[in-house]
Structure formats: structure tokens, C-alpha cells
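Counting starts at 1 for both ligands and their atoms, following the listed order. Everything quoted here is computed from the prediction, not taken from an experiment.
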Amino acid sequence: MASKPPKPAPTPRTPTWDEGGSVVLERRTQKTKPPQMYQVVMLNDDYTPMEFVVVVLQEFFNKDREAATQIMLKIHLDGKGICGVYTRDVAATKVEQVLDAAHKAGHPLQCLSEPVQ
Ligand code: TYC
């Protein structure tokens, strides 16, 4: 798993004084960046049954049957497809859940997570 990025340098602040004589430090920019997001990508293979992939997409990626079928068919035709976008730890958990379910069912289904952009 990739290590966390280093903390950004503190934002410079300009001291000002309010009417009461207190020093006021105004934040110039937003303090926290949104987290890097990760997409879970599922890969096609020749052996995993379509129905199994549809059930996995419903169970672990909260897709309804219609959406799950569309995603499964996209993967089947294009070789891969995005199941969802999550924070790093959630994406890693989804990958684990899929690989575990596939292994237990005896299917070679593969998926991975990768940073978005
Ligand atoms: N290609 C598989 C089949 O024809 C179906 C499949 C779809 C497998 C998506 C994996 O991620 C996958 N049975």
C-alpha cells in the first residue's frame, strides 16, 4: 500500500489587529485538501460467470441489478471497468472482499484499486 503524502507547509498568515487591540490571524486558504480518491477497477476474464459478477457488484458496490448488469457487460466488452470510487482504505477493503468472494467460489475474477487521475 502507498505511504501517506507529506504534510503541506503551514500557510503564511498576516497578523492584523481588531478594534479591541487583539491580534487576529486570518486563514488565507482552506486548511485541509480533500483526500486522494481511489477507483476500484474490475478485470474481465473468460471463466467467471456473468451472474457472479452481477451479484458481486450488487453486494459490495451497492449497485441495483440494472446498473450492475451494465457495468458487468462493459467489463466483458472492454476488458475492464470502474465499480466505484472511494477513499484509499475503503477501496482496499472492497478489493479484498471481491477477491475473497471470488476465491471462495472458485472463480479467477480480479480487481484492483488505483488513484483517480
Ligand atoms: N467474460 C465473462 C464471461 O463471459 C464474464 C465476466 C464479466 C467476467 C466481467 C469477469 O469482470 C468480469 N463469463
Side-chain angles (χ1 to χ4, degrees):
M1 203 182 286
S3 58
K4 281 187 183 163
K7 283 222 170 84
T11 307
R13 293 171 188 191
T14 308
T16 55
W17 285 263
D18 68 12
E19 310 88 80
S22 302
V23 177
V24 179
L25 296 177
E26 281 176 47
R27 183 173 292 147
R28 283 182 184 160
T29 54
Q30 196 184 355
K31 191 180 172 193
T32 52
K33 300 190 265 65
Q36 169 73 60
M37 300 301 278
Y38 287 72
Q39 55 194 19
V40 176
V41 177
M42 195 171 283
L43 307 179
N44 187 39
D45 66 71
D46 292 338
Y47 304 103
T48 304
M50 291 182 171
E51 176 62 21
F52 182 83
V53 178
V54 170
V55 170
V56 160
L57 288 165
Q58 290 178 97
E59 191 156 321
F60 300 125
F61 299 95
N62 302 314
K63 306 299 182 190
D64 62 27
R65 191 154 178 95
E66 187 71 25
T69 303
Q70 295 287 320
I71 295 167
M72 181 281 294
L73 284 174
K74 194 235 180 252
I75 300 165
H76 178 72
L77 295 172
D78 295 355
K80 63 180 179 178
I82 297 167
C83 307
V85 176
Y86 309 94
T87 55
R88 186 177 60 173
D89 289 1
V90 174
T93 300
K94 302 275 180 198
V95 169
E96 263 181 36
Q97 289 173 324
V98 171
L99 296 181
D100 185 55
H103 184 78
K104 283 177 173 151
H107 301 312
L109 182 63
Q110 290 296 310
C111 75
L112 51 91
S113 85
E114 63 185 23
V116 174
Q117 286 144 32

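When hydrogens are left out, the protein atom nearest atom 11 (O) of ligand 1 is Leu43 O, 2.8 Å; that is the closest non-hydrogen contact. Among all protein heavy atoms, the one lying closest to atom 4 (O) of ligand 1 is His76 CE1, 3.1 Å. Protein heavy atom closest to atom 9 (C) of ligand 1, with residue, atom name and distance, is Ile75 CG2, 3.6 Å. The single protein non-hydrogen atom nearest to atom 2 (C) of ligand 1 is Asp45 O, 3.2 Å, given as residue, atom name and distance. Ranking protein heavy atoms by distance to atom 3 (C) of ligand 1, first place goes to Thr48 O, 3.6 Å. When only non-hydrogen protein atoms are considered, atom 6 (C) of ligand 1 lies nearest to Asn44 OD1, 3.3 Å.
Against a heavy-atom cut-off of under 4.0 Å, Leu109 is close to the following atoms of ligand 1: 10 (C), 11 (O), 12 (C). Atom numbering of ligand 1 starts at 1 in the shown order; those under 4.0 Å from a heavy atom of Met42 are 11 (O).
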inquiry  = Applying salt bridge (charged side-chain N to carboxylate O under 4.0 Å, His left out) to Glu51 and Arg65, what does each step give before you reach the verdict?
reply    = CA-CA 10 Å; Glu51 176 62 21; Arg65 191 154 178 95; 2.7 Å; yes
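Annotation for Tyr47 and Pro108: closest pair CB-CG, 3.8 Å, computed over non-hydrogen atoms. Contact detail for Phe60 and Ala101: the closest heavy-atom pair is CE1-CB, 3.9 Å. Considering all non-hydrogen atoms of both residues, Ala102 and Leu109 come closest at CB-CB, 3.8 Å.
The cluster map of Ile, Leu, Val, Met, Phe, Trp and Tyr, joined by side-chain heavy atoms under 4.5 Å apart, puts Val55 and Leu57 in different clusters.
Side chain of Gln36 to backbone of Val116: a donor-acceptor contact under 3.5 angstrom is found.
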